[in-house]
J.: 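My structure is below; once you've seen it, I'll send some questions.
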Amino acid sequence: MDKQRFINEVNTRCEYNKYNHIFATDIEPELAVVEAELRPESMNPLGMAHGGFVYSMCDIAAGVVVSQYAGKFVTLSGNLYFMRPGKGKKLRCEARIIKRGRMVNVVDTCVFDDSGAVTAKGTFEIYIME
């Protein structure tokens, strides 16, 4: 499957992602990029990206990168460090597989704001079900 077709497929298969306006924008072997426009419903009362929204971006990006190699999978665990407020017009999350196992993949995630500053970093374990 070609790259754009894969991205289009990823962006249409999960209603949660569409509802939250989180979309894959790039995919390479061992790497996925998702982006999200910061909208009023993705912000916390302090005017920055809600932590749950940022966590969702990382979880989705980890799933997208693993979906290149696995059909059915779920998040086993996730750990996220918030470095600075997520502000601006959009956030971008890059996910890289750092260990590709038979049953568990370990994925590092990094979230950037419009200026390119790192706003969050995390590690996710994705369990391969088949």
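What you see is a predicted model; the values in this text were computed from it and never measured.
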J.: Can you see which heavy atom on C93 is nearest to which on A61, and at what distance?
T.: SG-CB, 3.7 Å
J.: Taking atom types as modelled, find out whether D108 and T123 have a side-chain donor-acceptor pair closer than 3.5 angstrom.
T.: yes
J.: Passes side-chain contact (heavy atoms from CB on, under 4.5 Å), D59 versus M57? Steps please.
T.: CA-CA 6 Å; D59 187 37; M57 284 188 71; over 6 Å; no
J.: Taking all atoms of both residues into account, what is the closest heavy-atom pair of V10 and A24, and its distance?
T.: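 Looking at all heavy atoms of both residues, the closest pair is CG1-CB, 4.0 Å.
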J.: With sequence neighbours left out, which residue pairs that include part of residues 60-70 fulfil the side chain to side chain donor-acceptor pair (under 3.5 Å) condition?
T.: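 Side chain to side chain donor-acceptor pair (under 3.5 Å) check on residues 60-70 returns R13-S67, E30-Y69.
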J.: Considering only heavy atoms from C-beta outward, does the side chain of F23 approach that of E35 to under 4.5 Å?
T.: no
J.: Establish whether L76 and M129 are linked, either directly or via other cluster members, by ILVMFWY side-chain heavy-atom contacts under 4.5 Å.
T.: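 In one cluster: yes.
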J.: With a 4.5 Å cut-off on side-chain heavy-atom distances among I, L, V, M, F, W and Y, is there a chain of contacts connecting L31 to V64?
T.: no
J.: Before you tell me yes or no, could you show the steps for I7 and T25 under side-chain contact (heavy atoms from CB on, under 4.5 Å), namely the whole-Å CA-CA distance, both residues' side-chain angles and the distance that decides it to 0.1 Å?
T.: CA-CA 7 Å; I7 290 170; T25 58; over 6 Å; no
J.: Just so I know, are the side chains of V118 and F112 near enough to count as touching, which here means a heavy-atom distance under 4.5 Å?
T.: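 In short, these two side chains touch, coming nearer than 4.5 Å.
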J.: Is the shortest side-chain heavy-atom distance between K87 and D113 below 4.5 Å?
T.: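 They are not in side-chain contact.
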J.: Before giving the answer on side-chain hydrogen bond (donor to acceptor under 3.5 Å, both in side chains), spell out for S56 and Y16 the whole-Å C-alpha distance, their side-chain angles and the decisive distance to 0.1 Å.
T.: CA-CA 10 Å; S56 285; Y16 179 85; 2.6 Å; yes
J.: When you measure from the side chain of N20 to the backbone N and O of I22, does any donor-acceptor pair fall under 3.5 Å?
T.: no
J.: Under 4.5 Å between side-chain heavy atoms, hopping through other hydrophobics if needed: is there a path connecting M43 to L46?
T.: no
J.: Report the distance from atom CD1 of I60 to atom OG1 of T109, rounding to the nearest 0.5 Å.
T.: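 Output value for this atom pair is 12.0 Å.
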J.: What are the two closest non-hydrogen atoms of I128 and A70, and how far apart are they?
T.: CD1-CB, 3.5 Å
J.: Can you check whether R92 reaches V34 side chain to side chain, under 4.5 Å on heavy atoms?
T.: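 No. Closest side-chain heavy atoms not under 4.5 Å.
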J.: Please tell me if the side chains of I126 and V107 come closer than 4.5 Å, counting only heavy atoms from C-beta onward.
T.: yes
J.: Minimum heavy-atom separation for A62 and A95, please, with both atom names.
T.: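 Residues A62 and A95, closest heavy atoms: N-CB, 3.8 Å.
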J.: Filter on ring-ring contact (aromatic ring centres under 6.0 Å, His included), then keep only pairs touching residues 39-63, sequence neighbours left out; what's left?
T.: Y55-F124
J.: Do V33 and I27 come within less than 4.5 Å of each other through their side chains, counting heavy atoms only?
T.: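 Contact flag for V33/I27 side chains = no.
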J.: Identify the two heavy atoms, one from C58 and one from V111, that lie closest to each other, and give their separation to 0.1 Å.
T.: SG-CG2, 3.4 Å
J.: Evaluate the side-chain proximity of R84 to M48: yes if any heavy-atom separation is below 4.5 Å, no if none is.
T.: no
J.: For a 4.5 angstrom cut-off between non-hydrogen side-chain atoms, does L80 reach V54?
T.: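 They are in side-chain contact.
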J.: Side chains of N17 and Y19: any donor to acceptor distance under 3.5 Å?
T.: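 Short answer, no.
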J.: What's the spacing between E125 CD and N79 CG if we round to 0.5 Å?
T.: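 Reported to 0.5 Å precision, the distance equals 10.0 Å.
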J.: Before giving the answer on side-chain contact (heavy atoms from CB on, under 4.5 Å), spell out for E37 and K89 the whole-Å C-alpha distance, their side-chain angles and the decisive distance to 0.1 Å.
T.: CA-CA 6 Å; E37 179 184 334; K89 293 186 183 287; 5.9 Å; no
J.: Can a donor-acceptor pair be found, under 3.5 Å and without considering hydrogens, that links the side chain of N44 to the backbone of G47?
T.: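 Yes; judged by distance alone, with no hydrogens or angles, the pair exists.
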J.: Under the criterion side-chain contact (heavy atoms from CB on, under 4.5 Å), I'd like the reasoning laid out for K90 against L38: C-alpha separation, chi angles, the key distance, then a yes or no.
T.: CA-CA 5 Å; K90 72 176 182 176; L38 289 177; 5.5 Å; no
